[in-house]
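Report on one structure; see the data block that follows.
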Amino acid sequence: MAQTGGSDAFSVTGRQIVIVGGTAGIGLAVAAHLVDAGADVTITGRRVEGEAIATEIGAIFVPMDVADDASVASGFETIGARLDHIDCLILNAGIDEHHGEIESLDLGVFERVLDINTLGIVRATAHGVGQMQSGGSVVVTSSPAGSTTAAGMGAYSASKAALDMLVRTWAIELGPKQIRVNAVLPGIVESEMDSESAPQVELIRRMTVNGVHRPARDLGPVFQFLASPASTPLTGSMVGAHDGISVGYSLEVMRRLAADMED
């Protein structure tokens with residue numbers, strides 16, 4: 001049984017980690033961090049340049065489209081041929097496409113968000129956990145939007161709320177096998193989409209407790225903790241990594257609202 005005491009408790013050296021949805025954003029930043037920490041990292045995704053992306057950070061790439069069960073099955077078959085087991089399965093695939101509010105709903109987009117964000121994670125988990133052993137860790141990237149929503153966020157929030165409940169359910173189901181399941185709830189992080197939505201990003205930054213627009217790489221240690229023996233007591237947990245965005249309104253936001261009221 002892995003020891004959880006001492007500085008080695010946080011080590012992921014030699015651990016075989018698979019990141020589903022690891023070619024961009026949080027997934028890629030976490031993958032690079034874990035490679036630097038000594039893990040054997042495999043990333044999956046749909047990008048045609050996935051292999052070049054993986055090579056650049058020292059990881060292995062396996063093509064996988066979580067919207068296609070055959071692709072997920074094939075991807076994990078390839079992973080299983082390379083690895084004797086998976087120590088940590090990180091499920092990071094997801095999209096956030098605008099579907100409109102209920103009176104102007106684009107049902108096709110709504111269905112796609114749910115299919116990828118929720119069913120895609122179900123597909124990957126169903127195929128991946130069979131390659132895990134006692135002491136394994138499953139980490140799902142969820143969101144504060146699973147419990148806090150806004151107009152036009154129905155599909156995204158619903159998809160993440162469903163994931164949160166699945167994390168709890170899977171923790172119960174996989175507990176007897178000593179496989180723990182937890183979620184990370186990131187807030188707003190720097191991404192390639194920032195330039196396209198600068199006003200919204202700035203607004204959300206102001207809503208964080210500490211006013212931080214978080215670089216994706218800062219989430220690496222959070223995922224490392226959940227992949228390491230140090231997190232052995234945690235399962236079924238929602239680990240907030242959102243700079244307090246879901247706990248209330250920052251002083252900056254309240255001052256801005258007060259100023260608007262005075263105007």
Side-chain angles (χ1 to χ4, degrees), residues 12 15-83 86-97 112-113 115-128 131 137-143 156 159-160 163 183-197 201 214-224 226-227 241:
V12 291
R15 293 216 157 202
Q16 298 177 153
I17 299 176
V18 174
I19 303 179
V20 176
T23 58
I26 292 173
L28 180 58
V30 169
H33 173 87
L34 293 173
V35 169
D36 289 345
D40 178 342
V41 178
T42 301
I43 63 175
T44 80
R46 297 180 295 120
R47 298 191 177 213
V48 294
E49 65 272 30
E51 187 168 352
I53 292 171
T55 299
E56 185 174 352
I57 65 170
I60 299 297
F61 175 69
V62 173
M64 186 183 298
D65 181 357
V66 297
D68 181 352
D69 190 63
S71 174
V72 176
S74 175
F76 276 103
E77 183 177 348
T78 299
I79 291 168
R82 176 179 174 268
L83 305 177
I86 297 171
D87 290 307
C88 179
L89 177 62
I90 296 175
L91 301 155
N92 183 71
I95 60 173
D96 181 13
E97 296 183 354
R112 176 172 166 78
V113 171
D115 186 39
I116 293 177
N117 289 8
T118 304
L119 293 179
I121 299 304
V122 172
R123 295 181 188 106
T125 305
H127 287 287
Q131 297 183 24
S137 173
V138 177
V139 185
V140 176
T141 303
S142 186
S143 169
Y156 185 77
S159 72
K160 295 301 185 177
L163 279 186
V184 175
L185 281 58
I188 184 69
V189 299
E190 294 177 359
S191 75
E192 58 198 24
M193 296 184 292
D194 284 354
S195 60
E196 302 173 9
S197 56
V201 168
R214 182 71 54 190
R217 64 178 178 272
D218 285 3
L219 296 177
V222 179
F223 282 82
Q224 179 179 339
L226 292 173

Compare all side-chain heavy atoms of F76 with those of I86 and state whether any distance is below 4.5 angstrom. yes
Looking at R123 and D115, does any basic side-chain N land under 4.0 Å from a carboxylate oxygen? yes
Do N92 and I26 come close enough that some side-chain heavy atom pair is under 4.5 Å? yes
Is there a side-chain contact between V20 and L89, using heavy atoms and a 4.5 Å cut-off? yes
Pairwise side-chain contact, S143 with L185, heavy-atom cut-off 4.5 Å (strictly under): no
Taking the side chain as everything from C-beta on, heavy atoms only, tell me whether T125 gets closer than 4.5 Å to L91. yes
Can you list everything that forms a salt bridge (Lys or Arg N to Asp or Glu O under 4.0 Å) with D69? Sequence neighbours excluded, please. none
So CD1 of I17 and OG of S137: to nearest 0.5 Å the spacing works out to 8.5 Å
Under a 4.5 Å cut-off applied to non-hydrogen side-chain atoms, are T141 and P186 in contact? yes
Please table the atom pairs, donor to acceptor, closer than 3.5 Å between any side-chain atom in residues 53-65 and protein atoms at least two apart or in another chain.
| residue | atom | partner | partner atom | Å |
| --- | --- | --- | --- | --- |
| T55 | OG1 | E51 | O | 2.9 |
| D65 | OD1 | A67 | N | 3.0 |

Is the shortest side-chain heavy-atom distance between V30 and I90 below 4.5 Å? yes
Not counting sequence neighbours, list each pair that qualifies as a side chain to side chain donor-acceptor pair (under 3.5 Å) and has a residue in residues 23-45. H33-Q224, D40-R82, T42-R82
